[in-house]
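The basis for the numbers below is simple: all heavy atoms, side chains too, and nothing from hydrogens, waters or symmetry mates. Counting convention: from 1, in listed order, for ligands and their atoms alike.
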Amino acid sequence: MIKGYVHSIESFGAVDGPGVRFVVFMQGCKMRCKYCHNPETWKIPSELNGDSSEESIEAEKEDTNSNDSLCSYKVVTPEEIFKQALRYKPYWKNGGGITVSGGEALLQIDFIIELFTLAKKEGVHTTLDTSGNPYMNDGEWFEKFKKLCEVTDLFMLDIKQIDDEKHKDLTGFSNKNILDMATYLSDNDKAMWIRYVLVPGLTDDEGDVKKLAEFIDTLKTVERVEVLPYHRMGVPTYEKLGIKYRLEGVTAPDADTIKKTKEILNIE
Ligand code: SF4
């Protein structure tokens with residue numbers, strides 16, 4: 001039986017896709033974005049974590065040192081979540097529906113395929129909010145991803161940094177497979193929203209933003225680009241979890257930087 005490890009649910013999400021949405025936040029993420037405001041979603045349930053890569057081991061070490069009391073999740077089936085979601089169907093006007101987010105939702109691709117298959121049978125709009133980190137374009141995983149594309153109406157893809165070295169510094173991982181995923185979605189006519197978190201000193205370099213704009217220009221199916229200004233609302237969670245916050249002294253971007261970034265990315 002396919003199980004999902006769900007960190008939390010938001011019944012009336014307004015920022016995770018079109019309209020009002022039932023948002024499912026999956027537990028587990030391998031990336032360690034310095035600005036992440038949901039570190040409680042990082043810990044990968046042991047049932048999912050068969051990975052012994054260096055990055056994963058480093059992440060586990062960090063988790064081991066943390067206070068686990070906030071890292072709780074529920075084990076559910078796609079059927080159970082879909083039944084729960086359907087109670088909110090009357091509110092899904094103007095393109096609303098179900099969004100699966102994270103953590104990193106693609107770590108639980110089997111669960112999402114099942115959930116979105118149920119949703120599409122009932123004509124419900126489906127959105128996947130992802131960092132793209134697990135994406136690979138070969139093997140069994142890629143076959144699953146193709147299946148997922150068939151039942152996903154919209155991909156909300158975070159591009160954390162267009163410069164690969166800076167991306168590694170920011171998240172612990174390369175962006176190459178993430179950019180490949182964006183290109184695959186474009187080549188296969190899948191609608192995308194691109195999201196970019198603007199962090200002073202880390203992602204606000206005009207040259208980087210211009211390169212990002214050039215990359216986005218190569219994609220045919222981007223419906224929207226969003227700039228999300230960095231904020232520090234996650235800091236208390238780091239303190240509670242006993243995890244060091246790595247952006248001490250970094251403040252939210254000023255209005256001019258936000259305006260300039262949006263101009264470069266052609267956002268009105
Ligand atoms: S991908 Fe998302 S959940 Fe994972 S560390 Fe980055 S911001 Fe946090």
Side-chain angles (χ1 to χ4, degrees), residues 4-10 13 15-17 23-45 48-49 51 53 55-63 65-66 68 70-73 99-109 111-112 127-136 155-164 166-182 192-200 202-203 226-247 250 252-253:
Y5 301 84
V6 170
H7 174 267
S8 56
I9 280 170
E10 194 174 341
V15 294
D16 295 293
V23 188
V24 185
F25 296 93
M26 307 304 290
Q27 180 69 34
C29 183
K30 290 182 184 171
M31 296 239 267
R32 291 294 179 267
C33 305
K34 288 181 177 172
Y35 56 68
C36 180
H37 61 273
N38 294 318
E40 72 278 20
T41 65
W42 287 352
K43 186 170 176 128
I44 297 175
L48 281 177
N49 195 5
D51 184 357
S53 69
E55 293 93 341
S56 181
I57 290 165
E58 280 309 307
E60 280 220 50
K61 275 192 210 155
E62 201 165 348
D63 290 337
N65 291 331
S66 73
D68 269 359
L70 284 172
C71 301
S72 60
Y73 52 84
T99 294
V100 178
S101 182
E104 174 45 66
L106 277 178
L107 291 178
Q108 303 192 51
I109 191 167
F111 176 85
I112 313 171
T127 294
L128 176 67
D129 178 11
T130 175
S131 73
N133 170 254
Y135 179 81
M136 56 183 102
F155 286 82
M156 295 175 75
L157 179 64
D158 294 350
I159 297 183
K160 314 280 187 187
Q161 232 306 350
I162 195 72
D163 180 284
D164 197 31
K166 291 182 187 173
H167 191 278
K168 284 178 193 162
D169 177 64
L170 179 63
T171 71
F173 288 83
S174 167
N175 68 9
K176 289 204 168 81
N177 60 327
I178 296 164
L179 303 184
D180 281 352
M181 176 173 157
M192 252 182 291
W193 291 6
I194 301 288
R195 300 214 283 190
Y196 188 64
V197 179
L198 186 62
V199 193
L202 291 176
T203 64
E226 291 181 338
V227 169
L228 310 175
Y230 164 72
H231 61 73
R232 298 174 60 85
M233 284 188 272
V235 176
T237 311
Y238 282 80
E239 285 165 7
K240 282 183 201 150
L241 288 168
I243 302 174
K244 184 174 164 41
Y245 190 66
R246 291 171 292 167
L247 295 187
V250 177

task: Please step through side-chain contact (heavy atoms from CB on, under 4.5 Å) for the pair Ile178 and Leu157, ending with a clear verdict.
output: CA-CA 9 Å; Ile178 296 164; Leu157 179 64; 4.2 Å; yes

Donor-acceptor pair between Glu40 and Thr237 side chains, under 3.5 angstrom: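 On atom types as modelled, these side chains do not qualify, holding no pair under 3.5 Å.
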
field: Full working for salt bridge (charged side-chain N to carboxylate O under 4.0 Å, His left out) between Asp169 and Lys160
entry: CA-CA 11 Å; Asp169 177 64; Lys160 314 280 187 187; over 6 Å; no

- prompt: For the residue pair His231 and His37, does the interplanar ring angle fall in the parallel (under 30°), tilted (30 to 60°) or perpendicular (over 60°) class?
  reply: tilted

- request: Could you pull out all residues at least two apart from Tyr35 that satisfy ring-ring contact (aromatic ring centres under 6.0 Å, His included)?
  value: none

- request: Given salt bridge (charged side-chain N to carboxylate O under 4.0 Å, His left out), test Asp164 with Lys168 step by step and report yes or no.
  value: CA-CA 6 Å; Asp164 197 31; Lys168 284 178 193 162; 3.8 Å; yes

For atom 6 (Fe) of ligand 1: protein N/O/S atoms at distances below 2.8 Å: 1

